[in-house]
Amino acid sequence: MLVRSPQKLAQSNLSPPVKFISQNSSSLTLLNTVQLLLLIHFLSSNITQKDGKEPPGPTPLPVFGNFLQLDLKKIHVTLLELSKQFGSIFTIYLGTKKVVVLVGYNTVKEALVDYAEVFGERDSKPIIDELFRGQGIVWANGDTWKEMRRFSMTNLKDFGMGKKEFEDKIIEECHYLMEAFKQFKGEFDINQSLSNATANVICSFIYGNRFDYNDPEFTSLVNRTCRNNKLLSTPSVQLYNMFPWIGKWFSYPNEFKKAFAANREQQMKLVSHLKETLNPKMCRGFVDAFLIHQDNLEKSGITTSHFHNENLLITIMNLFVGGTETSSRTITWGLFLMAKYPKIQEKVREELSRVMGDHQVQFKDRTELPFTNAVIHEAQRLTAIAALGLPHRTSQDITFRGHFIKKDESEWEKPYTFYPEHFLDKDGKFIQRDAFMVFSAGRRVCPGASLARTEVFIFFTTLLQRFRITFPPGVSEDELLLSPSDSLILNPSNVKLCAVPL
Ligand code: HEM
């Protein structure tokens, strides 16, 4: 197979974030690369330039399209390389599917925000369609999406997202996590522990309770979720999505489906238990709120609503997946960078100790902790975990921008470097940057962003107050690359770290 080497990006060891978007009948992918200041969307064939011509792109082969030119293990890297040649709007073919890629913060922001309606649809893939069947939030469109998203967001707010009551749950979880960290002597897979903790935060919202880290039912749910994020971006699953007729011979698509089925079964059991013990006067979490709403609709004689059991199941699976590895990998990257840049780690700890002493950090304290806040933002900017993001599609034909746009790498002073000063002014005060778009923008903007911001801030600061993060002894500098492993949600290749109690 002809695979282009990722050249400069590979050398820079950075992980560009990518999101996928698509148009009408076919698909548009949005790739958001923070370090290059690029956001790329895959748009489908219905995008044209002002002169009616299609955007340029590499010549496709019959049937295969451009897939032989793409490094399927790091498709976002190949796309960035292609954008250097073809500019910010170009066309590629994934098999026979025509896709337009948009690159650049301004281009993507314009698409997602100024043309929010047109670019706000979700594109799907064969393997996703088979399993999710257009239900829930993430892979849904139209009224189902609208209703499920609205209901989830209302409940996230009602349960205190972005408020003190939910923050207390996050702080409580962080204390369980620290106890787990203390059990480890030497190196351990920090992302696994963090995923258990972030999964528990979202479980507190969904079910109204957390789970023990030693509960095998819980850990298998978390592990399968993480595994499926990885499987979704494997070359064989991508091939399956391009050519479903040949792809079924590969083992990964089958493993993905089996893990999905097992998770679905487990979530069903949890929902059944909540149904049996439901008390409408005491709403424990999202599932209870949904069941109560469902019941009220039935009592009012409404039988055709979107509040049916399938939507409940897929929505909670979406929230569980959406809320688990995104946050845990963000924190993992933050800690990984602290191990790689110990002087910056010490500077964070010095600020924490000067401002907070031994007190528990709260989200409101971030205004007093500008350096720490800048480090967290910079870690998110540089590593951009959602590099493969989620595919969008446009709802109608569109002439977009009307011209070939040269990519713009100038948003960040040092796009390839871990440089917390990107978020600090000359007086050391924290500054918000428009180009920081890790939660996306527009109609599909991450509904868990407020929860995630609190979670990442509390976990990161509390852990650094109590532990020194280092690489395992004997690991050479060469192994400490920032190149991500291949996964839908990018992770450092080497996630084994040591947490030394202070
Ligand atoms: C640091 C953590 C997180 C990051 C970086 C992140 C990032 C993102 C991104 C980039 C998208 C795609 C938006 C688009 O399609 O344009 C997204 C969607 C989504 N996220 Fe998050 N997310 C995080 C945490 C969470 C949490 C905690 C939840 C759960 C409450 C959540 C639930 C979702 C859902 C349900 C969607 C689909 C929205 C839709 O299709 O309308 N995310 N997230």
Side-chain angles (χ1 to χ4, degrees), residues 19-30 41 43-44 46 108-109 111-125 128-159 161-162 202 205-206 264 267 271 283 285-323 326 386 389-398 437 439-452:
K19 294 185 214 158
F20 294 92
I21 295 189
S22 158
Q23 181 174 8
N24 263 348
S25 52
S26 56
S27 114
L28 170 147
T29 291
L30 177 152
H41 297 236
L43 303 168
S44 79
N46 302 7
V108 171
K109 184 142 192 214
L112 289 189
V113 178
D114 300 347
Y115 294 89
E117 281 294 315
V118 186
F119 287 88
E121 298 265 296
R122 175 75 68 224
D123 185 44
S124 197
K125 299 176 186 309
I128 296 292
D129 285 342
E130 274 174 51
L131 303 174
F132 291 85
R133 296 178 194 180
Q135 303 297 314
I137 310 173
V138 178
W139 302 106
N141 284 305
D143 288 344
T144 299
W145 168 74
K146 221 179 258 171
E147 296 255 358
M148 291 305 111
R149 183 176 163 110
R150 195 186 307 150
F151 189 77
S152 303
M153 292 200 71
T154 306
N155 275 281
L156 277 163
K157 278 196 197 110
D158 289 353
F159 280 96
M161 181 173 78
I202 199 70
F205 164 65
I206 299 175
R264 189 190 147 95
Q267 301 274 16
V271 170
C283 186
F286 179 83
V287 174
D288 280 8
F290 194 103
L291 293 172
I292 293 166
H293 188 70
Q294 207 177 24
D295 200 39
N296 289 341
L297 286 172
E298 268 170 35
K299 281 186 186 137
S300 351
I302 301 171
T303 50
T304 54
S305 91
H306 293 288
F307 287 82
H308 47 71
N309 293 344
E310 190 59 16
N311 249 339
L312 169 60
L313 207 56
I314 299 294
T315 301
I316 59 177
M317 289 177 85
N318 285 168
L319 292 169
F320 187 85
V321 174
T326 46
L390 295 170
H392 284 220
R393 76 175 177 213
T394 52
S395 55
Q396 60 187 65
D397 293 2
I398 180 166
M437 247 175 60
F439 296 105
S440 190
R443 289 174 87 208
R444 291 279 179 167
V445 66
C446 175
S450 168
L451 165 60

Next item on the list: Can you measure from CG (Leu156) to CD1 (Ile206) and round to the nearest 0.5 angstrom?
Entry: 9.0 Å
Notebook entry, point to check: Roughly how far, to the nearest 0.5 Å, is the CG atom of Leu313 from the CZ atom of Phe132?
Noted result: 10.5 Å
Margin query: Would Ile316 and Leu312 count as a side-chain contact (heavy atoms from CB on, under 4.5 Å) here? Give the steps.
Written below: CA-CA 6 Å; Ile316 59 177; Leu312 169 60; 4.1 Å; yes
Notebook entry, point to check: Closest heavy-atom contact between Ala140 and Arg122?
Noted result: O-CB, 3.9 Å
Notebook entry, point to check: To the nearest 0.5 Å, what is the distance between CD (Glu310) and OG1 (Thr315)?
Noted result: 9.5 Å
Check: Rounded to the nearest 0.5 Å, how far does NZ of Lys146 lie from CD1 of Ile137?
Finding: 14.5 Å
Notebook entry, point to check: Can you tell if the side chain of Phe307 reaches within under 4.5 Å of the side chain of Ile302, non-hydrogen atoms only?
Noted result: no
Next item on the list: Could you tell me which non-hydrogen atom of Ser152 sits nearest to which non-hydrogen atom of Leu319, and how far apart they are?
Entry: OG-CD1, 4.3 Å
Item checked: Set of residues satisfying salt bridge (charged side-chain N to carboxylate O under 4.0 Å, His left out) with respect to Asp114, sequence neighbours excluded -> none
Margin query: Could you measure the distance from the CE atom of Met161 to the OG1 atom of Thr154? Nearest 0.5 Å is fine.
Written below: 10.0 Å
Checklist line | Aromatic plane relationship, Phe290 with Phe286 - under 30° parallel, 30 to 60° tilted, over 60° perpendicular | finding: tilted
Next item on the list: Considering non-hydrogen atoms only, spot the tightest contact between Thr144 and Gly134 and give its length.
Entry: CG2-O, 3.8 Å
Next item on the list: Just say parallel, tilted or perpendicular for the rings of Phe205 and Phe159, cut-offs at 30° and 60°.
Entry: perpendicular
Check: Which heavy atom in Val445 sits nearest to a heavy atom in Ser440, and how many Å separate them?
Finding: CG2-O, 3.5 Å
Notebook entry, point to check: What are the two closest heavy atoms between Ile314 and Gln135, and how far apart are they?
Noted result: CG2-O, 3.3 Å
Item checked: Gly136 backbone acceptor or donor facing Asn318 side chain under 3.5 Å -> no
Next item on the list: Please assess His308 against Asn311 for the test side-chain contact (heavy atoms from CB on, under 4.5 Å), listing each intermediate value before the final yes or no.
Entry: CA-CA 6 Å; His308 47 71; Asn311 249 339; 3.6 Å; yes
Next item on the list: Please report the C-alpha distance between Leu451 and Ile202 in whole Å, then the side-chain angles of each, then the deciding distance to 0.1 Å, and finally whether the side-chain contact (heavy atoms from CB on, under 4.5 Å) criterion is met.
Entry: CA-CA 9 Å; Leu451 165 60; Ile202 199 70; 4.0 Å; yes
Next item on the list: Quick one: do Val138 and Ile128 satisfy side-chain contact (heavy atoms from CB on, under 4.5 Å)? Show the steps, please.
Entry: CA-CA 10 Å; Val138 178; Ile128 296 292; over 6 Å; no
Item checked: Aromatic ring pairing Phe151/His293, orientation class (parallel under 30°, perpendicular over 60°, tilted between) -> tilted
Check: Hey, is the main chain of Gly120 close enough, under 3.5 Å, to the side chain of Arg444 for a donor-acceptor pair?
Finding: yes
Next item on the list: Mind checking the CZ-CG spacing from Arg264 to Leu131? Nearest 0.5 Å is all I need.
Entry: 9.5 Å
Item checked: Shortest non-hydrogen separation from Ala289 to Asn155 and the atoms involved -> CB-OD1, 3.2 Å
